[in-house]
Amino acid sequence: MAEERKESLNFIEQIIEEDIKSGRNNGKILTRFPPEPNGYLHIGHAKAICINFETALKYGGSTNLRFDDTNPTTEDTEYVESIQEDIRWLGFVWKGEPLYASDYFGQLYDFAVKLIKKGLAYVDDSTPEEIANMKGTPSEPGKDSPYKSRSVDENLELFERMKNGEFEDGSRVLRANVNMASPNMLMRDPIIYRIKKEHHHRTGDVWCIYPMYDFAHGQSDSIEGITHSLCSLEFIHHRPLYDWFIEKLEIFPSRQKEFARMNVEYMITSKRKLLKLVNDGLVNGWDDPRMPTISGMRRRGYPAQAIRVFCDKAGVAKRENTIEINLLEACVREELNKTAIRAMVVLDPVKVIITNYPEDKTEDLTADNNPEDPNAGNRVLTFGRELYIEREDFMENAPPKYFRMTTGADVRLKNAYILHCTGVDKDAEDNIQTIYATYYADSKSGEDVSGIKPKGTLHWVSATDALSCEIRMYDRLFTVPDPTFDENIDFLEFYNNESLKILNHAKMESSLKNSMPGTQYQFLRQGYFCTDADSTPGHIVFNRTVGLKESFSKEVRK
RNA sequence: UGACCCAUGGUGUAAUGGUAACACUCCGGUUUUUGGUACCGUCAUUCUAGGUUCGAGUCCUAGUGGGUCAACCA
């Protein structure tokens, strides 16, 4: 008998379930993701994408992708492509072809004419300054424009002439006739059409007037039959206007519901600030692995599934929130632990010579590709007399709980033998040059009869077989969780100069020689890494996605 | 001197008038040929004051605190 588990719903799902129960729209659910094609998608968009697509999916509905391209000045086809790529990469499928608000310019124009005929819109000849001055302030009502009382016929004629290009940019606008005394600034006769004699990325030079957001978004929702228009909280003041247009135009009643957008520690989503990072060369482009862009996270090695799980776990509500970066990293590790191929790479190598191992001998050893996944198979490692281990895995005068290599002690080499450290060579500056050890021939992995149980296990590579590679160690972009917490301090003050450290002397096991860009690995005891697109056949580059959880370093800090 | 939205552990999110829970973090432990994983455990929560009610995190009022709104941007 299945235990009945009460599943908790977020407030949007509750609304939808009530709608379904009451038979609204015959239970049909259609959402939309409406990006403006004027920039790259970031973590905040990922959240909006997840909410819109997953909510629809959950209730057997679907989601439209609609480009909100009503401002020809800022928009470009370049972004139309990257946005689609990012959504697909996240694993979502929109309904049919991508849609464009610009496809509705004709209908939108007709809607405006309808409004004029109902006496609900008028052409205003005021200058932008005059309009701003008449707008009032949040605590003072606005004043009616002297043009508000124009006749329907005159408005009709002027609006048509605006469309025909008879007037200069900025000389006239079409405004909705709502209420200049409304406490809601957006209801104070909002501008709904402006003159812009500019080339549009899709409609070319057909139009020289373009609708504003408020006169395009809701109507586009309505035209498409969107049932639930899910957007972030800052649009809440637009809702009365959204509803007003639908009511006056007598069109399909889409409804807007607002959720709080998601903030994440150490990430910023301001387009202006991200652009600043790019322009100042503090990151290497929009897809730099430190960037909170979807393309950046992809290059960093964050799996799409991890980002989706993260957005789910962050939840949906209406209060301001900042999600800890810990949660994102936990989701990334959880996913990668299941899927990433294991490999051994020594980031900061120091040589070990096994003095009782024959000089000309090598052995093939087998290693699991992923202990979490029996189907991942295994691979061959070459073992020999000379190896590299991690410099930090050796300590001459080790503290009691140090389980790694130290003189006189035993330590296991992963998938290989147990070593007994016998001594070291140092240079004039006291730096360790070479570590000497003996091995226990009967301690081979899988057939160990030595009876020795070392506390620690180290990763290693064969000195003769290993290949050099480049490792890019990425860390958080900022030194504080919220670099914008004080508007008087430039956020670049908190740029983390150590957000990227390049290691040029790392040694990788030879199985990684032909690694393809995008492949994700767990480098044993180091973290998760992925092959970067900058890799060439003779020079493999790895990005550190995220480190492993590390309890030893915490121990040391005590 | 306006309107609107919000307030639950460190961080998020549930609890839909009836025992405040889940995840992540932190801390501790067991297992481990990754100081990883897995598993177990500990600490810790309803902004304040009134009111309604047998009973309030939930409903009402006021206060406090936070956020948002005055682009021919979206």
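All chains are named by letter (A, B, ...) in the order of the sequence lines, taking the proteins before the strands, and each is independently numbered beginning at 1.
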>> If you assign each of A:Leu548 and A:Leu327 to its closest nucleotide in RNA chain B, which residue comes earlier from the 5' end?
In response: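 Looking at RNA chain B, the more 5' nearest nucleotide goes with A:Leu327.
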Of A:Gly315 and A:Arg342, the one whose closest RNA chain B nucleotide lies more 5'
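In this pair, the answer is A:Gly315.
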Contact class for [X] vs. all strands (heavy atom < 4.0 Å): base, sugar-phosphate, or nothing?
X	value
A:Gly456	nothing
A:Thr322	sugar-phosphate
A:Pro371	base
A:Lys444	base

Given protein heavy atoms under 4.0 Å, the one-letter contact record of nucleotides 59-74 of chain B, with B base, S sugar-phosphate only and - none, is simply --------SBSB-BSB
Please pick, from [options], the nucleotide with the shortest atom-to-atom distance to any side-chain atom of [X].
X	options	result
A:Ser551	B:rU13, B:rG36, B:rU34	B:rG36
A:Glu372	B:rC24, B:rG12, B:rU37	B:rU37
A:Asp448	B:rU33, B:rC24, B:rU16	B:rU33
A:Arg404	B:rU33, B:rU34, B:rG35	B:rG35

| Looking only at atom C1', what distance separates B:rG9 and B:rA23, rounded to whole Å? |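 So the two C1' atoms sit 13 Å from each other.
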- [ ] Take atom C1' in B:rC43 and the same atom in B:rC47, then report the distance between them in whole Å.
- [x]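 Per the computed distance, 23 Å lies between those C1' atoms.
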Has [X] got a side-chain N or O lying under 4.0 Å from the OP1 or OP2 atom of [N]?
X	N	value
A:Ser8	B:rU13	no
A:Gln14	B:rA14	no
A:Lys549	B:rU25	yes

Side chain to side chain donor-acceptor pair (under 3.5 Å) involving [X] - partner list, sequence neighbours excluded:
X	value
A:Ser511	A:Glu509
A:Thr269	none
A:Tyr528	A:Gln522

What is the distance from [atom1] of [X] to [atom2] of [N], rounded to the nearest Å?
X	N	atom1	atom2	value
A:Tyr521	B:rU34	OH	C1'	18 Å
A:Lys47	B:rG12	NZ	P	12 Å
A:Lys453	B:rU31	NZ	C1'	14 Å
A:Phe523	B:rU34	CZ	P	19 Å
A:Phe552	B:rG35	CZ	C1'	8 Å
A:Glu550	B:rU37	CD	P	11 Å
A:Glu324	B:rU13	CD	C1'	13 Å

How long is the straight-line distance from OH of A:Tyr242 back to OG of A:Ser254, given to the nearest 0.5 Å?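 These two atoms lie 4.0 Å from each other.
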task = Pull out every stem in RNA chain B, meaning runs of 3 or more consecutive Watson-Crick or G-U wobble pairs with both distances under 3.5 Å.
result =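 Runs of three or more consecutive pairs: B:2-7 with B:64-69, B:10-13 with B:21-24, B:27-30 with B:38-41, B:47-51 with B:59-63.
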Atom pairs under 3.5 Å, N or O on each side, protein against nucleotides 39-45 of chain B: can you list them with distances?
none

Ionic contact status for A:Arg525 with A:Glu392, cut-off 4.0 Å: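 No.
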Original post:
Between A:Asp125 and A:Arg172, does at least one N-O distance fall below 4.0 Å, as a salt bridge requires?
Top reply: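 A:Arg172 and A:Asp125: salt-bridged.
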For residues 36-47 of chain A, pull every pair meeting salt bridge (charged side-chain N to carboxylate O under 4.0 Å, His left out), keeping only residues two or more places apart or in separate chains.
->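 The answer is none; no pair qualifies.
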message = Show me the pairs that pass salt bridge (charged side-chain N to carboxylate O under 4.0 Å, His left out) and involve residues 67-78 of chain A, at least two apart or across chains.
response =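 Sorted result for residues 67-78 of chain A: empty, none.
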>> Test of understanding: with ring-ring contact (aromatic ring centres under 6.0 Å, His included), list the residues that count as partners of A:His228, not counting sequence neighbours.
In response: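 A:His228: no ring-ring contact (aromatic ring centres under 6.0 Å, His included) contacts found.
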According to ring-ring contact (aromatic ring centres under 6.0 Å, His included), who are the partners of A:His200, at least two apart in sequence or on a separate chain?
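By the ring-ring contact (aromatic ring centres under 6.0 Å, His included) rule, A:His200 matches A:Phe105, A:Tyr210.
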Can you name the salt bridge (Lys or Arg N to Asp or Glu O under 4.0 Å) partners of A:Glu258, sequence neighbours left out?
->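 If we apply the salt bridge (Lys or Arg N to Asp or Glu O under 4.0 Å) test to A:Glu258, skipping adjacent residues, the hits are A:Arg239.
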*For A:Arg175, all residues meeting salt bridge (Lys or Arg N to Asp or Glu O under 4.0 Å), sequence neighbours excluded*: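 Applying salt bridge (Lys or Arg N to Asp or Glu O under 4.0 Å) to A:Arg175 gives A:Asp124.
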Can the ring centres of A:Tyr417 and A:Tyr440 be said to be less than 6.0 Å apart?
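Centroid separation for A:Tyr417 and A:Tyr440: 6.0 Å or greater.
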